[in-house]
Structures are given as structure tokens and as C-alpha cells.
Amino acid sequence: LEIARTVSDLRTHVSKWRLAGEVIGLVPTMGALHAGHLSLIKIARTRCDRVVATIFVNPRQFLPHEDYESYPRTEKDDIDKLIGEGADLLFSPINSEMYQPDAATSVTVSNLTNCLCGTTRPGFFDGVATVVTKLLLQTLPNVAVFGEKDYQQLLVIKRLTTDLDIPVEIIGGPTIRESDGLAVSSRNIYLKSQARRVAPNLFRILTTAAEAIASGDDLSHALLKAKYELQASGFTNIDYLDARNSKTLVQLSDGDTTGRIFASVWLDTVRLIDNVLIEKV
Ligand code: PAF
């Protein structure tokens with residue numbers, strides 16, 4: 001595994017491979033790598049000759065009260081995991097390499113960001129869209145892989161690459177779950193033991209609601225029931241619980257039986273997000 005700390009080093013490595021006609025895959029991360037990230041590296045591995053992973057805890061996608069300072073930073077372990085997965089290059093820049101002090105440009109994707117996490121975390125998607133645009137332009141990969149756990153983020157990234165004519169194929173990797181259904185996430189380490197016991201109920205309740213909607217049950221009733229069950233099972237707050245179109249994120253109406261159900265919930269100070277496909281079986 002080669003390690004690049006500067007954009008210029010990154011470009012030196014990648015341009016050699018590009019000149020040799022190799023297919024390049026990019027997997028952007030904020031580190032604290034877990035089975036979800038490693039599954040994205042595996043997808044890139046099967047599709048590409050060379051895999052570049054990035055680790056950058058992007059300050060622009062954290063709100064002032066969020067966990068930027070305490071976000072887990074575990075580069076040594078991450079490097080071992082990347083070696084284990086056969087990644088070719090890690091790009092792990094410091095802040096000043098990514099953002100000039102006088103940087104004045106940011107990328108905004110509208111429509112898709114007017115709901116769900118776009119409403120509860122204002123500015124978050126501008127931060128994501130800006131850093132992902134930069135990482136794509138710095139690396140110029142053929143393929144980039146992102147997890148479906150952050151489904152809205154995945155749609156935002158697909159939209160921006162289309163709108164900005166960035167020549168890359170964006171691939172979504174399925175959500176990886178613990179054996180009890182909890183979606184793996186770098187922030188799961190914040191869950192204390194009681195909260196960790198409650199957490200898998202999120203996936204269970206979303207799955208039940210998705211099945212009910214898919215089989216034609218009344219949409220508002222299914223969502224109300226799911227909200228009630230989330231509260232009853234111990235979630236302390238619900239940011240949103242919503243059934244939406246999988247491509248446009250427009251809210252489903254009664255009678256719609258395909259789409260996706262999205263939730264953001266809290267267990268005390270820990271926020272969990274998840275989403276489940278609504279499909280007719
Ligand atoms: O999903 C993440 O880890 C981040 O939002 C990403 C895509 C690496 C951008 O910082």
C-alpha cells in the first residue's frame with residue numbers, strides 16, 4: 001500500500017496507472033474503517049485494476065455542535081485493513097492540503113438536499129458535495145464506490161457527477177449489517193451497552209414498515225405505527241421517518257408500493273440513520 005499525503009503525490013501515482021491503461025477505482029472514506037468500508041473496497045477491487053482509498057475527516061460536513069473533534073481517527077488500524085483488502089494507494093491529506101485558507105468555492109446540489117438529512121443537518125451536503133467533487137477531480141478515477149447506508153448522499157453524488165460532467169461511474173454498495181441487523185457505522189462505537197441493545201430495532205421496524213407499504217397497507221398508518229414502535233422501543237428522538245421515491249426522493253403517496261423508507265433517530269446523544277428498500281415481493 002502506497003501512501004500519498006499531497007494531491008501532487010496522489011496524481012503522480014494515479015497518472016502512471018492511467019497511462020498504462022489501468023482502470024482506477026476510488027473509495028472515499030473518513031477512516032475508522034469497518035466492514036462496510038471494506039465491502040466497498042472489495043467492490044472496487046472486482047471492477048478495477050487499481051484501488052485508491054481516501055481517509056479525510058472533512059471539517060466542512062460537520063455542523064459546529066457535531067463531533068468533528070472527537071470523530072474516531074484510527075489511521076494505523078485503517079492502513080492494516082487496507083493492506084488486508086489489497087488496496088493499492090491511500091490518499092490521506094491534512095486539512096491545509098484540501099482547503100486553502102482563502103478557499104471560496106463550494107458545491108451545492110439542490111432538490112435532493114431539501115429533505116431528510118438536508119433539513120436536519122443544514123450545510124452537511126454542501127460539505128460532502130464539495131469534498132467529493134475535489135476527491136474525484138484530484139484522482140480522476142473510472143469508478144467510485146459509496147455505501148447505500150448513506151443513500152441520500154449517494155444520490156447527491158450521482159447528481160453532481162452528472163451535472164458537472166465528471167467522467168466517473170458512481171456505484172452504490174449494499175449496507176453491511178451486524179448479525180442483529182444494525183447497520184455498521186463508524187459512530188456505532190459511541191453506543192453504550194443499553195443503547196446498543198435498542199439500536200437493532202431501527203432496522204427491524206423499518207423492514208416491517210417497508211413490507212407493509214409494499215403489500216399495499218395504508219402509507220400514513222404504516223409510518224405512524226413505525227414511529228410509535230420506535231418510541232416504544234427506546235429511541236429518544238426521531239428526526240425523520242419517511243417513505244420516498246428511490247431516485248427523486250419525492251415523498252410517496254398512498255397507493256405507492258415501491259420506494260425507500262428512510263429514518264434518522266437518536267439514542268440519547270447518538271444519531272443513527274438507516275434506509276430500507278420498499279419492493280413488491
Ligand atoms: O460517507 C462518508 O464517509 C463521507 O461523507 C465521504 C463520502 C467520505 C465524504 O467525506
Side-chain angles (χ1 to χ4, degrees), residues 4 7 10 25-44 51-63 66-75 77-78 81-82 85 87 89-95 97-99 103 105-109 112-113 116-118 120-139 141 143-161 164 166 168-176 183-190 262 264 270-275:
V7 176
L10 166 71
L26 180 72
V27 182
T29 82
M30 297 205 300
L33 300 183
H34 51 59
H37 298 115
L38 303 185
S39 74
L40 305 180
I41 305 266
K42 285 192 178 84
I43 294 172
V51 177
V52 181
T54 72
I55 296 180
F56 179 62
V57 184
N58 172 32
R60 291 222 193 168
Q61 68 187 78
F62 289 79
L63 300 183
E66 290 186 341
D67 55 345
Y68 174 70
E69 295 299 339
S70 60
Y71 194 84
R73 287 163 172 86
T74 57
E75 196 184 81
D77 285 356
D78 292 346
K81 290 176 183 165
L82 291 173
E85 289 305 327
L89 175 65
L90 166 64
F91 176 48
S92 179
I94 56 169
N95 281 356
E97 183 67 14
M98 288 299 277
Y99 297 115
T105 305
S106 95
V107 178
T108 297
V109 176
L112 288 170
T113 58
L116 306 175
C117 288
T120 57
R121 302 179 75 192
F124 166 72
F125 283 117
D126 285 2
V128 169
T130 303
V131 81
V132 170
T133 302
K134 286 170 69 72
L135 291 167
L136 291 172
L137 295 177
Q138 289 160 349
T139 314
V143 166
V145 193
F146 297 86
E148 285 185 350
K149 162 151 186 298
D150 299 301
Y151 193 87
Q152 187 177 16
Q153 168 176 283
L154 175 63
L155 291 185
V156 166
I157 292 166
K158 283 186 174 165
R159 186 74 255 159
L160 79 84
T161 55
L164 299 178
I166 303 177
V168 60
E169 182 188 354
I170 302 296
I171 298 179
T175 302
I176 302 299
V184 301
S185 160
S186 306
R187 290 186 169 106
N188 286 353
I189 54 158
Y190 297 151
F262 297 87
S264 165
V270 186
R271 192 178 59 91
L272 299 178
I273 61 168
D274 205 346
N275 67 89

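If you read the sequence from its start, that first residue is 1, and numbering goes on from there. All values derive from a computational prediction rather than experimental measurement. In what follows, every heavy atom counts, from backbone to side chain, and hydrogens, waters and symmetry copies are set aside. Both ligands and their constituent atoms are indexed starting at 1 by order of listing.
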Kindly say whether the aromatic ring centers of F91 and F56 come within a distance under 6.0 Å.
no

inquiry  = Check this for me: does any side-chain nitrogen of one of R73 and D78 sit under 4.0 Å from a carboxylate oxygen of the other?
reply    = no

Sorted by chain and residue number, the ring-ring contact (aromatic ring centres under 6.0 Å, His included) partners of Y151 (sequence neighbours excluded) come out as F262

Please check if any side-chain donor atom of D67 sits under 3.5 Å from a side-chain acceptor atom of Y190, or the reverse.
-> yes

With heavy atoms and a 4.0 Å threshold, my read on which part of T29 contacts ligand 1 is backbone

Purely on distance, is any nitrogen or oxygen of Q61 under 3.5 Å from one on ligand 1? yes

Q. What about Q153: any of its N or O atoms under 3.5 Å from an N or O on ligand 1?
A. yes

If we number the atoms of ligand 1 from 1 as shown, the ones under 4.0 Å from a heavy atom of V131 are 9 (C), 10 (O)

